[in-house]
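The next block holds one structure in the form of C-alpha cells; read it before the comments.
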Protein chains: 2
Amino acid sequence: MNTKYEGFETPGITVDLSIFTVNETRLKVMLVRRAEVPFQGYWSLPGGFLKTSESLDAAAQRVLCEKSGVSDVYMEQLYTFGDPKRDPRSRVITVAYIALIPWQSLPQPASEKVTDLTWASVDALPKLAFDHREILSYAVKRLRAKVSYSNIVYGLMPKQFRLSELQSMYETIIDDKLDKRNFRKQMLATGLLKETGKKELAGAHRPAMLYQFKSKEIVFFN
Amino acid sequence: MNTKYEGFETPGITVDLSIFTVNETRLKVMLVRRAEVPFQGYWSLPGGFLKTSESLDAAAQRVLCEKSGVSDVYMEQLYTFGDPKRDPRSRVITVAYIALIPWQSLPQPASEKVTDLTWASVDALPKLAFDHREILSYAVKRLRAKVSYSNIVYGLMPKQFRLSELQSMYETIIDDKLDKRNFRKQMLATGLLKETGKKELAGAHRPAMLYQFKSKEIVFFN
DNA sequence: ATACTAAGTGTACAATGAACACTAAGTATG
DNA sequence: CATACTTAGTGTTCATTGTACACTTAGTAT
C-alpha cells in the first residue's frame with residue numbers, strides 16, 4: 001500500500017443498486033436481508049464492495065447478476081453518497097446505480113422459501129439499513145422523471161407486448177391515468193415501435209396486436 | 001486501519017470540479033496547471049483528495065473556495081468516474097462536480113502574472129490531464145441540457161442585469177440565437193424575475209430596466 | 001343468440017411555440 | 001441643436017402540439 005494518501009481518506013467503496021421491476025401494477029424494488037452487523041436482519045439495497053481493478057460499472061453488473069441472475073438489462077449510475085457517518089463501522093462511500101428488469105425476465109425463485117430476498121412495493125417499504133431509504137427515494141424520483149422524457153420504460157417491458165400493457169407500465173410508474181387514444185397516438189408517433197404481425201392468443205375478448213421495440217436504444221424527447 | 005477490506009479496493013477518492021463562468025460571450029471553464037507528476041505541466045480540472053470526515057460536497061466546496069476564492073455559488077454533483085486505469089499511479093476514484101460562478105463575482109487575479117490558473121473557452125481546450133477531457137465533455141453536456149429545462153443560468157448572472165444580458169447568457173451556453181420578443185415573454189412568464197425599479201446608468205442608447213431573481217431557487221420546467 | 005371483455009379508432013378545441021418589424025429613449029457628433 | 005447612432009421595448013398571426021372525449025369491433029363464455 002502506498003503512502004500517498006496520508007492524512008486523506010482511503011475509504012471503502014461500494015456500489016448499491018436500486019433494481020426495479022413492475023409486477024401486479026406495482027413498482028417494486030429488490031431488497032436483501034442483511035446477515036451481518038451493522039443493521040443485522042434489516043432489509044437493504046443489494047450492493048457490495050468494489051474489487052481490485054474492477055470498474056464501477058463492472059461492479060454494479062456483478063452485483064446485479066449475483067442477486068438477480070440476469071444481465072444485459074438497462075442500468076445507469078445514479079449518484080454517489082459519501083456522508084462520513086453513513087456507515088457506522090468506518091468510512092464507506094457508495095456509488096448508487098439504477099437497474100430495470102422486466103418481471104418476465106426474472107428467474108423463478110427456488111422452490112425452498114427464499115427469505116433473504118424480496119420485491120417490495122416502493123410505496124410500502126420496510127425500514128432499511130444505512131441511508132438506503134434516501135438512496136431509494138432519489139432513485140424513484142429519477143426513474144419517475146425519466147419516464148416522462150425518455151423511452152426508459154423499454155427496460156421493464158417483455159420482448160413483445162400489447163399497447164395496453166405499455167400504457168399500464170407508464171401508469172404504474174408515474175402513478176396516474178392516461179388517455180388511451182392519446183397514448184396510442186403518441187407512442188406510435190415516436191416511430192420506435194413496430195407491429196410484430198402476431199396477435200395475442202388467449203382471452204375472452206378481441207385479441208390485441210403485439211408490438212416490440214425497433215431497437216434497445218434509449219432516446220430522450222423534448 | 002481495519003482489515004475489513006482485504007481483497008477489495010481502498011482507492012484514493014478525489015473530487016474534480018468543472019467550474020464554469022461566462023465572459024466575453026464565451027463559456028469558460030477553470031483549469032489549473034499541474035505542478036507534479038503524473039501529467040506534470042498539463043492543464044487539469046481543479047480537484048483534490050477527500051479528507052478524513054469530510055463529506056463529498058464539503059470537499060467540493062473546499063476545492064472551489066481554494067481555487068476561486070468564492071463560495072455560496074451553484075454546485076451539483078455530476079458523475080463518478082472510476083476506471084481502474086484513469087490514474088497511472090494507483091487506483092483513484094473521482095467524484096465530479098459542476099459549479100457556476102458569475103464572472104463579476106470572481107476576484108481579480110493578483111497583479112503578478114498567474115500562470116498556473118486559466119479560464120479556457122470550452123470550445124478551445126488544451127490537452128488535459130487524466131480523463132479530464134471526458135469529465136469536462138460530460139459536464140458541458142449536462143450544463144447545456146439543463147439550461148433548456150431549468151433556470152440554472154441564475155448561477156452565472158450578477159445580482160442585477162438587463163434582460164438582454166440574460167438572453168446573451170442563454171445564447172452563449174446553448175450556442176444559438178434566440179428571438180428577443182419571445183425570449184422576454186417567456187422569461188417574464190416564469191414569474192421568477194422582478195424589476196428592480198432601477199435603470200442602467202450609462203450607454204449611448206435608451207437605458208434598460210434592471211432585473212433580479214426573486215429567489216435563488218433552481219426550478220425545473222416542463 | 002346474447003352477454004361480456006378488452007382492442008381499436010377520429011375530431012374539435014385549447015394551449016403553446018415560432019416568426020416577424022417598428023417605435024422609444026437615451027448619448028455622441030458636427 | 002439637429003441628426004445619427006445604439007440598444008430597449010413591445011403584439012399579432014399562424015402553425016404545432018396537447019387534451020378531452022364515446023362508440024364500434026372481434027373475440028370468448030354462457
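Since this is a predicted model, take the numbers as computed values, not measurements. Note on naming: letters A, B, ... go to the chains in the order of the sequence lines (proteins, then strands), and numbering restarts at 1 for each one. Basis for what follows: all heavy atoms, side chains included, without hydrogens, waters or symmetry-related copies.
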### Task
Could you pull out the closest heavy-atom pair between A/Ser71 and A/Cys65, with the gap in Å?
CB-SG, 4.4 Å
### Query
Would you say a side-chain N or O of A/Ser164 is under 4.0 Å from OP1 or OP2 of C/dA6?
no
### Task
Would you mind reading off the distance between B/Tyr211 atom OH and D/dA8 atom C1', rounded to a whole angstrom?
10 Å
### Message
Quick check: on DNA chain D, is the nucleotide nearest B/Glu165 upstream (toward 5') of the one nearest A/Lys185, or the reverse? Name the residue that is more 5'.
### Response
B/Glu165
### Phosphate OP1/OP2 of D/dG9: any B/Arg184 side-chain N/O under 4.0 Å
yes
### Query
Looking at A/Arg162, does any N or O in its side chain come under 4.0 Å of the phosphate oxygens OP1/OP2 on C/dA7?
yes
#### Entry: Residue met sooner reading DNA chain C from 5', once B/Asn182 and A/Met209 are mapped to nucleotides
A/Met209
### Query
Does a sphere of radius 6.0 Å around OH in B/Tyr42 hold more than 12 heavy atoms from other residues, nucleotides or ligands, not counting ones at 6.0 Å or beyond?
no
### Message
Just the rounded figure in Å: distance from C1' of D/dC14 to CG of B/Asp179.
### Response
14 Å
### Task
Please name the pair of heavy atoms, one in A/Ser44 and one in A/Ala129, separated by the smallest distance, quoted to 0.1 Å.
CB-CB, 3.9 Å
### Spacing between A/Arg181 atom CZ and C/dA6 atom P, to the nearest angstrom
18 Å
### Query
Just how far, in rounded Å, is P of C/dT23 from CZ of B/Arg206?
13 Å
### Task
Send over the distance from A/Glu200 CD to C/dG8 C1', rounded to a whole Å.
13 Å
### Query
Looking at A/Phe213 versus A/Tyr154, is the centre-to-centre ring distance below 6.0 Å?
yes
